[in-house]
Amino acid sequence: MRANFRMQRLYIEASLAEGVALEATAEQFNYLANVLRMTDGAEILLFNGHDGEWKAQLAFPSRKKIVLIPLEQTRPQPNPADLHYLFAPLKVGRMDYLVQKAVEMGAGLLQPVMTQHVQGKIHNTEKLRANAIEAAEQCGILSLPEVAEPVKLKDMLDTWPHDRRIIYCDEGDTGQNPLPILQAVKERKIALLVGPEGGFSEEERELLRSLDFVTPIPLGPRILRADTAAVAALAVIQATVGDWN
C-alpha cells in the first residue's frame, strides 16, 4: 500500500492502537499547533517504526495540550530493511544530506566508520537519528534504521560476520562498470561501505581487498563527492542485489 503524501506524518515513540489516546510532547505541540497551525479535529498520520501507520485525530483539551487519538491503521508494518550502510562521517551539512538519502534508499542500519582520512566527527548519534526520523516522515517510510555508535574501520572488519558481504566503493579501481561485479554477488545480506572525502588510504584499500567477504566496485568514469557516491552506490546495489530486484 502506497503512502498518503497529502497528509502530514509524525513519528512518535509510544505504541499505537485504536482509540488509545497519546499526549503530544512539548516539541510536537509546537510543531502541530504553531508551525502547521492544526486545529481541534484535524487528522494526521502517525508511525513509530513497529506498529505500522495510523490515521489519528487531534484534540485540544486545553490551550497548551494536544491529544492524538489513533482511529485506524492505514498501512501495516513492513519487514525491516536489511541493507547496512557503513560510512565515514562527512562535514555537518553534507552528512545530514547523506543520512537522509540513505534512509530514503532503504538503509536498515547506519554505521559511522572512522577511517584514516576521515574529516567529519560524530559527537553523538542522536542527531543522526533525528535526521533519519525526518527523512522517514517526509518519504512515507515506516521502518526506521538502527543508528550505531562510531567504530574504527579495522575494529569493524575484525569482528565482521562473514555471512554479510561488504560492497565498498573503490575510487582507485581502474574499471568503470559495477554491474557485472554486483550481478555475480550471491549473498542476500549486503552492506555498503563508502569512504571519506579524502578517500581510503592505501593501507585501508589493501586491507579491504585482502578480505574474502569484501567486494570492491568502481562507480564509473566520473569523480564523485562522497555523498554523491553514496547515493549512486545505494541505487545500483538496490537495483542489482537489493530490494528493487
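Side chains are part of it too, since the values below use all heavy atoms of this structure and drop only hydrogens, waters and symmetry mates.
Contact annotation: the side chain of I44 approaches that of L46 to within less than 4.5 Å [non-hydrogen atoms, C-beta and beyond]. Using a 4.5 Å cut-off on side-chain heavy atoms (C-beta onward), L32 and L68 make contact. Side-chain contact between S15 and V20: absent, with no pair of heavy atoms (C-beta onward) separated by less than 4.5 Å. Within the 4.5 Å cutoff, no side-chain heavy atoms of V99 are placed close to those of V147. Here the side chains of I167 and I181 are not in contact, with every heavy-atom distance at 4.5 Å or above. Within the 4.5 Å cutoff, no side-chain heavy atoms of D170 are placed close to those of L208. Between Y11 and F47 there is a side-chain heavy-atom pair separated by less than 4.5 Å. When side chains are defined from C-beta on, V67 counts as touching P61, because their heavy atoms get closer than 4.5 Å.
Ring geometry for W160 versus F213: interplanar angle under 30°, hence parallel rather than tilted (30 to 60°).
With hydrogens and angles disregarded, no donor-acceptor distance shorter than 3.5 Å links the side chain of R75 to the backbone of L142. In terms of modelled atom types and a separation under 3.5 Å, the side chain of R209 and the main chain of V214 share no donor-acceptor contact. No donor-acceptor pair under 3.5 Å is formed between the side chain of Q116 and the backbone N or O of E202. No side-chain donor-acceptor contact under 3.5 Å links E146 to the backbone of L109. In this structure, the side chain of Q77 engages the main chain of G49 through a donor-acceptor pair within 3.5 Å. Looking at H117, its side chain does come within 3.5 Å of a backbone N or O of G199 through a donor-acceptor pair. Listed for the Q57 side chain is no donor-acceptor partner under 3.5 Å among the backbone atoms of L71.
To the nearest 0.5 Å, atoms CG (L128) and CD1 (I122) are separated by 4.5 Å.
Nearest heavy atoms, L16 versus G52: CD1-O, 4.1 Å. Between V194 and A226, the shortest heavy-atom distance links the atoms CG1-O, 3.8 Å. Annotation for A21 and I69: closest pair CB-CG1, 4.2 Å, computed over non-hydrogen atoms. P80 approaches S143 most closely through the heavy-atom pair CA-OG, 3.8 Å. Minimum interatomic distance between T125 and A148 (heavy atoms only, all atoms of both residues): CG2-O, 3.6 Å.
More than 12 heavy atoms of other shown residues, nucleotides or ligands fall within 6.0 angstrom of atom CD in Q183.
Salt-bridge annotation for R164 and D82: present, with a side-chain N of the basic residue lying under 4.0 Å from a carboxylate O of the acidic one. Under 4.0 Å is where a charged nitrogen must lie from a carboxylate oxygen, and between D227 and K101 no such pair does.
When E53, E137, E134 are each tested for a salt bridge (Lys or Arg N to Asp or Glu O under 4.0 Å) with R9, only one passes: E53.
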Could you walk me through whether Y85 and V103 pass the side chain to side chain contact (heavy atoms under 4.5 Å, CB included) check? CA-CA 9 Å; Y85 179 51; V103 174; over 6 Å; no
